[in-house]
2 protein chains.
Amino acid sequence: MKILIIEDEPGIISFLKQGLEEEHFEVHTCTNGKDGIELMLRESSDLVLLDWMLPGLPGIEVCKRFREHNSKTPVIFLTARDTVHDTIAGLQSGANDYIKKPFHFEELLERIRVQLRTSLKEPAVLKLADIQIDVNSHMVVRSGNEIYLTQKEYELLEYLLRNKDKVCTRKEIIENIWNIHFDYNTSVIDVFMNSLRKKLGLHKQDDLIHTIRGVGFIARES
Amino acid sequence: MKILIIEDEPGIISFLKQGLEEEHFEVHTCTNGKDGIELMLRESSDLVLLDWMLPGLPGIEVCKRFREHNSKTPVIFLTARDTVHDTIAGLQSGANDYIKKPFHFEELLERIRVQLRTSLKEPAVLKLADIQIDVNSHMVVRSGNEIYLTQKEYELLEYLLRNKDKVCTRKEIIENIWNIHFDYNTSVIDVFMNSLRKKLGLHKQDDLIHTIRGVGFIARES
DNA sequence: CTATTTCTTTAAGCCAATCTTAAGTTGAAA
DNA sequence: TTTCAACTTAAGATTGGCTTAAAGAAATAG
């Protein structure tokens, strides 16, 4: 996730940059309004933090002009100006939020997350070597070919992949996929394990889904 | 535009109600959390103003539970509690903004507009292969020919298209289109699915609307 | 206000996909 | 070699979805 900071005070820039990078955002910066617009339009960031007072072009003008070309990317004002009038003007110019300095970094972070929430979809694809499953569409692909799994087969595979590199005991599997919380002496797992492996084209030497005798199974790449 | 206010102080309610109605919003109110959730789910408001401290169920809990069923409608917290920790907790519970009392009505109004602005800029035309629907006029066209759908048929199709490439579970469909939040053992979906497919001229081999047995349905192009 | 049409919901039967059981076979570990 | 867990297969049971018909609501027309 790419965040663009347009702000002229070096102290605030480095404070923000450091904090956001620790949260694994990719941070770009700019210290004046004119270049700011350029970057906003060119860099296709996922979110913009915009200072109110900027050399040259005021922040509110930057925001307005940006919105003429891009109405989607969230913009958050960071500002020392704290009058109702300014807040309103800021929001009317097309910003999505308006945060007053001094602010707590944690709150800023959370407000950033709120804005990104809509565009931030949870990781939808799970991988195991050349097997990929999309948890939204339930589509399973192995090396380019779609594989049709039944409900239970799919659930079993998803469960194993969500717990990649971790042994899934028979008990855990039965509890989580079959919702049986007692009387585990059934061999359904084996039956589904069998058809799953068949459909995926796995063989003993393919060490993608291992059997741990006496315990359960594990999905692991070589 | 319909706004739901969940708040227990009569003074604030009437203040908000009056102000918002002057701005031509349709305002509904509720004074406790339990009924609040009911209304949020049933009334399909465009935005919810939620108090932090509510008799019975705390606001944050109301928000969380609401988000389990509806991830779209904006929620704004109105609260006298002003610690960073609370703000963060509120936003994390799924709210879109968090405004501290006392607030200026003008600012609240503008923040409401910000929320409605973003939810309004959805695409007006949804497509699935050669099927196109216009969400404003409800017109449905397949390869040039207009297809007349009834209300429920249309809603079903729109829902599937809005969630293109994502499995829509029967539960989600029943909750979002029929507003039934319990007792899911009905086969209305099947009946409407049937007539929808007929009218669209879809057949088993047309893989545009797939059945995912035991889960639901998915709209997906080839 | 009543009749008629259209839309929505309920209900039931059918069929096929899927799940489960069970029994025989294999193979790893002691 | 023996034992027992895991694998394989196939038959039988079950469920879930499709379809149709008809009853119940709602909208429209007369």
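Values below: all heavy atoms of this structure, side chains included; hydrogens, waters and symmetry mates excluded. Proteins come first, then strands; the chains are lettered A, B, ... in the order of their sequence lines, and each starts at number 1.
Atom CG in A:Asp190 sits roughly 6 Å away from atom C1' in D:dA6 (whole-Å rounding). Following rounding to the nearest Å, A:Glu155 (CD) and C:dC19 (C1') show an atom-to-atom distance of 12 Å. Atoms NZ (A:Lys199) and P (D:dT8) sit 15 Å apart, rounded to a whole Å. Separating the CZ atom of B:Phe192 from the C1' atom of D:dT19 is a distance of 15 Å, rounded to the nearest angstrom. We find that CD1 of B:Ile180 is positioned 14 Å from P of C:dT8, with the value rounded to whole Å. One atom, CD1 of A:Ile174, and another, C1' of C:dC19, lie 12 Å apart when rounded to the nearest Å. For A:Ile189 and D:dA5, the CD1 to C1' distance is 13 Å, given to the nearest whole Å. In this structure, B:His210 atom NE2 and C:dA17 atom P are separated by 16 Å, rounded to whole Å.
Nearest-nucleotide positions on DNA chain D place A:Ile212 closer to the 5' end than the other of B:Arg197 and A:Ile212. If you find the closest nucleotide of DNA chain C to A:Ser187 and to A:Gln151, the one lying nearer the 5' end belongs to A:Gln151. Both B:Arg213 and B:Val191 sit near DNA chain C, but only B:Val191 has its closest nucleotide nearer the 5' end.
Nearest nucleotide to the A:Asn194 side chain, out of C:dT18, D:dT9, C:dT20: D:dT9. Listed candidates were D:dG17, D:dT8, C:dT18. Nearest to the side chain of B:Arg170 is D:dG17.
Side chain of A:Glu43 to backbone of A:Met40: no donor-acceptor contact under 3.5 angstrom is found. No donor-acceptor pair under 3.5 Å is formed between the side chain of B:Arg81 and the backbone N or O of B:Lys100. With B:Glu110 contributing its side chain and B:Glu107 its backbone, the two residues share no donor-acceptor pair below 3.5 Å.
A:Glu158 and A:Tyr154 share a side-chain donor-acceptor pair at under 3.5 Å.
Nucleic acid contact class of B:Glu153 (heavy atoms, under 4.0 Å, all strands): none. Among the heavy atoms of the strands, none lies under 4.0 Å from A:Tyr148.
The side chain of B:Lys152 places no N or O atom within less than 4.0 Å of a non-bridging phosphate oxygen (OP1 or OP2) of C:dT6. At D:dT9, one or more side-chain N or O atoms of A:Lys198 fall inside 4.0 Å of OP1 or OP2 (strictly under the cut-off). Dashed line: the shortest gap from a side-chain N or O of A:Thr211 to OP1 or OP2 of D:dC7 is under 4.0 Å. The side chain of A:Trp178 contributes an N or O atom lying less than 4.0 Å from OP1 or OP2 of C:dT20.
Ring-centre distance between B:Tyr184 and B:Trp178: not below the 6.0 Å cut-off.
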